[in-house]
Amino acid sequence: MRFSLIRKIVQSSVLAGIFIVPILNMLEIYFIRGSFISFDIGSAAIADPVMMFQTVLTRGEFAASLFAAIVIPALMAIFFGRVWCSFFCPYTTIMEILERIPFIKKAIWRKKPVKNSRYKRAVIFLSLLFMVGIAGLPLLNLISPPSALSVQAILIIKKTPTVEILFIVLAIGLEFYSLRFICRYICPTGTCLSFFVNSRSLSPIYMGECLKCGKCAKVCPMGVEPTAELPSSFCHNCGQCIDACSDKRKPLRWKR
Amino acid sequence: MRFIDKVRIILNENPFYSNFKINRLRPPGAVEEREFMRLCIRCARCIEVCPYRSLHRAGAADGAAVGTPYIYAEERGCYMCMLCTQVCPTGALDKNATAMQQMSVGRAKIDETTCYDYLYAKALAEGVGGGTELYCNTCYNSCPLQAKAIYLKNMEVPVITEECTGCGVCTERCPTEPRSINIIPTQMGGNFERETKELPIFDADFNTDNTVKEWQ
């Protein structure tokens, strides 16, 4: 329960932050600046790993400054798994807020994904990356919901939102077709981060021996079957399966 | 053009890299367009720091340039605070560009048939006026590189020199509609050669010493 409380606090402050940061910038406070594609906190540069892969392809050389910028996200993914998606991604936050409305929740969760395929996701990511290389245009961040949302938040504050906002509408629309479709298969940021996730990363684990009530599988937003598939590269450590488990023996717990 | 030539052009010259349009500029310190399109990651950081709201994000109508920053000189010129060059994460905007003279994204070009000043000078010379003449000088007065990038020839008509950086402030302020002073982007590839041939813009006889003399 404490985990989900921390998660909710971080989520809501990030969602507020993407609007507050551009306002602070307009007041000439430049401590935090940038969008989720690339931002600075003080002097620490942090960038989306997708951005580095793309610029290496399109410019044809390796830039040390970009590599330095992905150190923090990469280390975060190596140690804590894909906490980016569950703690920071504003798209997840928006979906979780929308799902507070009962009829939307019912419509979206009506049909849960049967089976995730990590190969499908990797093939989609690699072919997108290949297309970026051929065209010489680093466009992948346009189809990453957190990047698109934070960029649009800046533009909304600047009073000039662009049509890319339709991508977010499309992503939410696709939820009705398949739960977290963009997150599971398209989002290049999430796919990229899952490359860093390894067997030692933070993840819920299943100890075996439980009531087999199936509550954990019912709440998992990524369509993972916690009793069978953990650790999974689709798991983004939201901790909802652990919270939902009613077995006193705690068969689902955080890996130590 | 033969079909094979068309195929050759499409495959050899990336068609996404030509975005030439008068009065539409890249931010200051932008590298050459071909390189810029490769590097710009569309992160909107330059747009975020721009205190004058000069930078706009290209929409879906701009095709492959979607998401890149543009200055629309008619709407709002660039005031060259150089904040955007400092935040660009990929080097699409040159970090070393900190002074306005280092920036060169375009050149201004005056349309002598509609400029109030030129009409005024013409009316003075001929002794006949049409009623739209004005000793306006708005472009000269608004130029951040006054008397360097633009000077008043014979204290009468504004003339653009080689030092013009193409910031577009003159275009923003020009009172005529359509604008009599326009910015021709120099680094946007595409039709620049052709455009400059059609529109001769530079006064070849000019040098800086002259301006100071005329000015005093």
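Labels below follow one simple rule: chain letters A, B, ... track the order of the sequence lines, proteins then strands, and each chain is numbered from 1. Source: prediction; values computed, not measured. The figures that follow rest on heavy atoms only: side chains count, while hydrogens, waters and symmetry mates do not.
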B:Tyr135 atom OH, neighbour heavy-atom count above 12 within 6.0 Å: yes
A:Phe80 atom CZ: more than 12 heavy-atom contacts under 6.0 Å: no
Non-hydrogen atoms of B:Cys43 and A:Val151 that approach each other most closely: O-CG2, 3.7 Å
A:Phe130 CZ: over 12 foreign heavy atoms closer than 6.0 Å: no
Which of B:Pro89, B:Gly59, B:Ala58, B:Ala60 touches chain A most, by non-hydrogen pairs under 4.5 Å: B:Pro89
A:Arg59 side chain to B:Thr90 backbone, donor-acceptor under 3.5 Å: yes
Partner chain B: residue of A:Ser35, A:Ala135, A:Ser147 with the largest heavy-atom pair count (under 4.5 Å): A:Ala135
B:Arg45 vs A:Ser38, side chain to side chain donor-acceptor pair (under 3.5 Å): CA-CA, chis, key distance, verdict: CA-CA 8 Å; B:Arg45 292 188 64 175; A:Ser38 151; 2.7 Å; yes
Enclosure of B:Lys21 NZ (heavy-atom neighbours >12, cutoff 6.0 Å): no
Flag, side chain of A:Lys158 to backbone of B:Glu48, donor-acceptor distance under 3.5 Å: yes
Segment of B:Cys46 engaging chain A (4.5 angstrom heavy-atom cut-off): neither
A:Phe176, CZ atom: more than 12 neighbouring heavy atoms under 6.0 Å: yes
Leading residue by heavy atom contact count with chain B [cutoff under 4.5 Å; candidates A:Leu155, A:Leu140, A:Asn141]: A:Leu155
Choice from A:Ser150, A:Pro161, A:Gly136 maximising heavy atom contacts with chain B below 4.5 Å: A:Gly136
Sub-4.5 Å side-chain heavy-atom contact between A:Glu164 and B:Val66: yes
Interface moiety of A:Ala69 toward chain B, non-hydrogen atoms closer than 4.5 Å: neither
Short side-chain to backbone donor-acceptor contact, A:Thr55 and B:Leu39, under 3.5 Å: no
Best-contacting candidate, B:Gly67, B:Pro51, B:Ala64, against chain A by heavy atom pairs under 4.5 angstrom: B:Ala64
Part of A:Val132 lying under 4.5 Å from any heavy atom of chain B: neither
Neighbour count >12 (heavy atoms, 6.0 Å) for atom CZ, A:Arg118: no
Toward chain A, the part of B:Arg38 with a non-hydrogen atom under 4.5 Å: both
Segment of B:Ala65 engaging chain A (4.5 angstrom heavy-atom cut-off): neither
Enclosure of A:Arg200 CZ (heavy-atom neighbours >12, cutoff 6.0 Å): no
B:Phe3 CZ: over 12 foreign heavy atoms closer than 6.0 Å: no
Heavy-atom contact with chain B under 4.5 Å, split by part of A:Thr58: both
A:Leu139, part contacting chain B, at a heavy-atom distance under 4.5 Å: side chain
Reported CD1-to-CD1 distance for the pair A:Ile154 and B:Ile47, which is rounded to 0.5 angstrom: 8.0 Å
A:Asp40 versus chain B, the contacting section by heavy-atom distance below 4.5 Å: both
Interatomic spacing from CZ in B:Arg42 to CE in A:Met51 - rounded to 0.5 Å: 12.5 Å
Side-chain heavy atoms of B:Val87 within contact of A:Tyr30, under 4.5 Å: no
From CA spacing to verdict: side chain to side chain contact (heavy atoms under 4.5 Å, CB included), B:Arg57, A:Thr160: CA-CA 8 Å; B:Arg57 193 172 166 88; A:Thr160 51; over 6 Å; no
Distance (rounded to the nearest 0.5 Å) between A:Leu137 CG and B:Thr68 OG1: 10.0 Å
